[in-house]
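Structure, as structure tokens:
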Amino acid sequence: MPQQGSNPGNARFGALVTAALLALAVLLASAAVATAGRAGPAGADGLPGPDGRWVHSWTAMPQLTEPGNMPPPPFTGPGSVLVDTTVRQTARVTTGGTDLRLRFSNAFGDTPLPLTAVTVALPRDGRAGVAEIQPDTLRRVTFGGRASVTVPTGAQIVSDPLGMPLPPGTNVTVTTYLAPGQPSLALTSHPGSRTTSHLLNGDHTQATELPGATPVNRWYLLSGIEVYAPDGTAGLAVLGDSLSDGRGSTINGNNRWPDQLFDRLQENADTERVAVLNQAAGGNRILQDGLGPNAMARFDRDILAHTGVSWLIVFEGINDIGNAPATAADQQALADDLIAAYQQFIVRAHAKDIRVYGATLLPFAGNATYDDPAGHRESARQTVNHWIRTGSGFDAVLDFDRVVRDPERPDRLHPALHDGDWLHLNPEGYRLLAEAVPDDLFTGP
């Protein structure tokens, strides 16, 4: 019998609510168990699930394309570029994962960038720089569920996650079609790709082959590939110039020193989950714009903003020395400014819990442009290297200078290791740099 003041209808309603809440609790618990067992993103929004994280696995530093590096005719017109053009390019991811997403950059565009269609696939025979793909691996790429997207001026866009398991070191083919093209000549690219891309008029994003395509050794528009990787995966970023961008390495060979370092880290179970992100560009400088914005200006965009970065190697400064006047006063002032910039890199990276490793600068005696008879530039290099070795504040020092210099002439590269200009290395020289980086810098907490 109900107590005084109670209502039988309310009691029945309360019982129904209680039963519904119990059923909902069981349903949520079952969903939680199912989610905990899946190896991939929690949903189409790309939010991490319980078993992994998004980590950048490949990067190319965005630059404003110079006239000499623009796509050849007919892909560049008087006031627009890549009109009705398919761009097929390959990139080698480092660490692998269950899913991927692409990043396209319009960082240097002065107009919006329309991407009409994008696909991703594996290249024929897994090779870099080829125009053919494996047709059974072809997948459409979407952006917020849409097949096309327009990247705003100065911005970048991230694709939806795409389920595509990738082993470490996989070459991936990204094919992009721009129906209207970009209505200006301010094109974002990475000219020093050392990898062949292919251009062809018309929409060929789903084509297995591209007969008649024009090959170019450039990357256009594509600036990053992220993978959804197991917990414990983290990235090593490289801030550098042409010596890290691979001048002197083999086209489509992926034998720059960061590539060879990744290959070596893969051989060690303690470092096989280290992604290597090459954020270098030929001609780049730390203090002043050169080819691409100066490293001080691009540091946040190219290093701190990337997902999963835990370590940074700073190997840059030789272009600052080589382009400054060859006087004692100018070179001493430059050395002081470089040291101050390195300190800024350390402070800004440490604020993001990124460990920073400094690499000594390589010799350049015999180079027609940088070598000066009075040795003022060499003196600046020695000042900088002494600071890096003895009191820099870097978390570790990579003495690249000692590895590749001529023991009989320490102001120049070893004759067997440079590519002919006494400034850049050949693949063997890059191998020695990679071998000089200790594995244990990327283990432990």
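All values below come from the heavy atoms of this structure, side chains included, with hydrogens, waters and symmetry mates left out.
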Please walk me through it: do L243 and L362 pass side-chain contact (heavy atoms from CB on, under 4.5 Å)? CA-CA 9 Å; L243 286 161; L362 306 190; 4.1 Å; yes
d(I339 CD1, I388 CD1) to nearest 0.5 Å is 8.0 Å
Under 4.0 Å between a side-chain nitrogen and a carboxylate oxygen: does that hold for D245 and R194? yes
If you count the non-hydrogen atoms of other residues, nucleotides and ligands that lie under 6.0 Å from NE2 in H350, is the total more than 12? yes
Mind checking whether S57 and T233 have side chains closer than 4.5 Å, heavy atoms only? no
Interatomic distance, S189 atom OG to L222 atom CG [nearest 0.5 angstrom]: 11.5 Å
Does the separation of the ring centres of W257 and F400 fall below 6.0 angstrom? yes
Going through the checks in order, is the side chain to side chain donor-acceptor pair (under 3.5 Å) test met by Y370 and N319? CA-CA 8 Å; Y370 286 5; N319 290 326; 2.7 Å; yes
Side chains of N201 and D84: any donor to acceptor distance under 3.5 Å? no
Nearest 0.5 Å, please: how far is CG in L334 from CD1 in I286? 9.0 Å
Ignoring hydrogens and geometry, is there a side-chain-to-backbone donor-acceptor pair from Y430 to R247 under 3.5 Å? yes
For the pair N268 and D439, evaluate side chain to side chain donor-acceptor pair (under 3.5 Å) and give the outcome as yes or no after the intermediate values. CA-CA 8 Å; N268 184 341; D439 290 8; 3.2 Å; yes
Measuring from L304:CG to D300:CG, what's the distance to the nearest 0.5 Å? 5.0 Å
Got a salt bridge between R298 and E316, using NZ or NE/NH1/NH2 to carboxylate O under 4.0 Å? yes
Pair D399 + R402, salt bridge at N-O below 4.0 Å: yes
For W311 and Y357, which heavy atoms make the closest approach, and how far apart are they? CD1-OH, 3.4 Å
Assess the side chains of E226 and T307: does a donor N or O sit below 3.5 Å from an acceptor N or O? yes
Keeping D337 on the side-chain end and A340 on the backbone end, is there a donor-acceptor pair under 3.5 Å? no
For H56 and A275 the tightest heavy-atom approach is O-CB, 3.4 Å
Which pairs with one or both residues in residues 202-221 pass side-chain hydrogen bond (donor to acceptor under 3.5 Å, both in side chains), sequence neighbours excluded? N69-R218, T196-N217, D203-T205
For the residue pair L210 and H198, what are the closest heavy atoms and their distance? CD1-CB, 4.2 Å
Among pairs that include at least one residue of residues 274-283, which meet side-chain hydrogen bond (donor to acceptor under 3.5 Å, both in side chains), considering only residues two or more places apart or in two chains? T59-Q279, Q279-H306
Between T137 and L122, the two heavy atoms sitting closest are OG1-N, 2.9 Å
Of the non-hydrogen atoms in P168 and F262, which two are nearest, and what is the gap between them? CB-CZ, 4.1 Å
Under the side chain to side chain donor-acceptor pair (under 3.5 Å) criterion, do D160 and T142 qualify, and how do the steps go? CA-CA 6 Å; D160 296 333; T142 58; 2.6 Å; yes
Step by step, would you call F299 with F345 a side-chain contact (heavy atoms from CB on, under 4.5 Å)? CA-CA 8 Å; F299 191 73; F345 294 148; 3.5 Å; yes
As a test of understanding, state which of D401, D320, D371, D372 forms a salt bridge (charged side-chain N to carboxylate O under 4.0 Å, His left out) with R381. D401
Smallest separation among heavy atoms of L138 and A121, with atom names: CA-CB, 3.9 Å
Would you say the side-chain atoms of S244 pair up with the backbone N or O of D241, donor to acceptor, closer than 3.5 Å? no
Just how far is it from atom CG of D406 to atom NE2 of H418, taken to the nearest 0.5 Å? 9.5 Å
Determine, stepwise, if the pair N426 / D419 fulfils side chain to side chain donor-acceptor pair (under 3.5 Å). CA-CA 5 Å; N426 56 30; D419 75 339; over 6 Å; no
Check whether NZ of the Lys or CZ of the Arg R92 lies under 6.0 Å from the centre of the six-membered ring of W58 and within 45 degrees of that ring's axis. no
Drop me the distance from T369's OG1 to L423's CG, to the nearest 0.5 angstrom. 8.5 Å
For V314 and V356, run side-chain contact (heavy atoms from CB on, under 4.5 Å): C-alpha distance rounded to whole Å, both residues' side-chain angles, the deciding distance at 0.1 Å, then the answer. CA-CA 7 Å; V314 178; V356 190; 3.9 Å; yes
